[in-house]
Number of protein chains: 2
Amino acid sequence: MPRTGRRPGYSDTREAILTAARQAFAERGYDKASIRQIATSAGVDPALVHHYFGAKEQLFLAAMEAPIDPGKAIEQVVAGGLDGIGERLVRTFVTVWDSPAGTPAAALVRSAVSHDWSARMLREFITTQILRRVIGNLELDPNEGPLRASLVASQLMGLIMARYIIKLEPLASAPPETIVATVAPTIQRYLSGPLDQ
Amino acid sequence: MPRTGRRPGYSDTREAILTAARQAFAERGYDKASIRQIATSAGVDPALVHHYFGAKEQLFLAAMEAPIDPGKAIEQVVAGGLDGIGERLVRTFVTVWDSPAGTPAAALVRSAVSHDWSARMLREFITTQILRRVIGNLELDPNEGPLRASLVASQLMGLIMARYIIKLEPLASAPPETIVATVAPTIQRYLSGPLDQ
DNA sequence: CGTTGATTTCAACGCTCGTTGAGTTTCGGA
DNA sequence: TCCGAAACTCAACGAGCGTTGAAATCAACG
């Protein structure tokens, strides 16, 4: 029974590592997530992780790459135009975050707070992948669009922090409908209301 | 010229360590801030930090203890009653965070995301030191009060994240008055408006 | 002036981490 | 069937961390 060398039969090790990495990054953030623990959790030697993905940063990028693609969700939300967009956005948002798809996103947020280039990544991601599309599709006034969009981002990031990271009650356990009912008007006003009232 | 032993003359080493610690915790969060680097930044040996404050957790507590006391600020904000509280709250909030007093608060937030008991601390702090006082002083309906308060917390935490941590533009460089004008109505509605519209 | 205690540094322990290079096993095409 | 490449592990390096115990120096009080 060899303890080293290639294993017999088909093997899905690469995906196993990615899955373990996503969960680790989501639960602990970039810095606290360790390659050694990711390897253990994938039933593998740490060196194998390095063999497949190279340095830790590249593993992080690989783990984030596939699962985060908000393109279709944004299109659906934005398709209906400004009317009722607050409700559609918040409902989609909470649905996604309450689902397993929220895991890698949580990883980005957790990492962004303590890690400099994770913060840069998140900023780039938010602006180029989300805000820009929203602004473009909604045809907002170019003078006000960016501010409106970043206000939306601030409320949604606060929702993430309160509900999923800090777990502030009663927000953390409130049913999705409560969140939608209370937060949607804020988003609606940030996008379509007068900015100073 | 001795390299060890007590230094001649008066010494404010204890305070120097606390100052360095506050800045380090604020810039890097609990985990990444290292005692060795705090010591270096205070011009001191790491062992001296331990001599004065004990373990790292106690140093963190000591660094947070004095500077964070929102009692008076809250009283002023709340004193005027529900009318116009959104504007007063956001203005006070931004003023404090734009000032040096924002440093230790940023430390708490940064640490809370990656560190479990920092998150617990921040949650306790927000609920007992802030939300409870706000709810009590404003005499909110006990059924709605906690939800209203945690919605306020979510928007304010999102503002922190977007403006001070991620530095999302144009929010990060917007003048305080813009923040007040745009965010205050949200806070006002969370506190005094109908919850579902 | 001598002694006690506070202040400060030094050297080291034990730990975890990311990363590396060499070695071992299996697969798959020629 | 052979052989190169892919998969995989082992052992180790070097760095940084929190923490510790002992020693050195100075201040203060009798």
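Proteins get letters first, then strands, A, B, ... in listed order; numbering begins at 1 in each. Bear in mind the structure is a predicted one, so any value in this text is a computation, not a measurement.
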Next on the checklist: Once ring-ring contact (aromatic ring centres under 6.0 Å, His included) is applied, what residue pairs with a partner in residues 131-153 of chain B remain, sequence neighbours excluded?
Outcome noted: none
Checklist entry - Hey, are S154(B) and Q155(A) close enough side-chain-wise for a donor-acceptor pair under 3.5 Å? => result yes
Next on the checklist: What I want to find out is whether R91(A) reaches E177(A) closely enough, with some N-O distance under 4.0 Å, to be called a salt bridge.
Outcome noted: yes
Next on the checklist: With a 4.0 Å cut-off on N to O distance, would you call D31(B) and K56(B) a salt bridge?
Outcome noted: no
Checklist entry - According to the interplanar angle, ranging from 0 to 90°, do the rings of F60(A) and F25(A) count as parallel (below 30°), tilted (30 to 60°) or perpendicular (above 60°)? => result perpendicular
In this structure, how many angstroms lie between the [atom2] atom of [N] and the [atom1] atom of [X], rounded?
| X | N | atom1 | atom2 | result |
| --- | --- | --- | --- | --- |
| H51(A) | dT24(C) | NE2 | P | 17 Å |
| L48(A) | dT25(C) | CG | C1' | 13 Å |
| I17(A) | dA6(D) | CD1 | P | 16 Å |

Checklist entry - Reading nucleotides 13-22 of chain C 5' to 3', which nucleotides get B (base under 4.0 Å from a protein heavy atom), which S (sugar-phosphate only), which -? => result ----BBSBB-
Checklist entry - Does Y52(B) make a side-chain N or O approach to OP1 or OP2 of dT8(C) shorter than 4.0 Å? => result yes
Checklist entry - Hey, does the side chain of T13(A) come within less than 4.0 Å of dC8(D)'s phosphate (OP1/OP2), counting only N and O? => result yes
Checklist entry - Who are the side chain to side chain contact (heavy atoms under 4.5 Å, CB included) partners of A47(A), not counting sequence neighbours? => result D45(A)
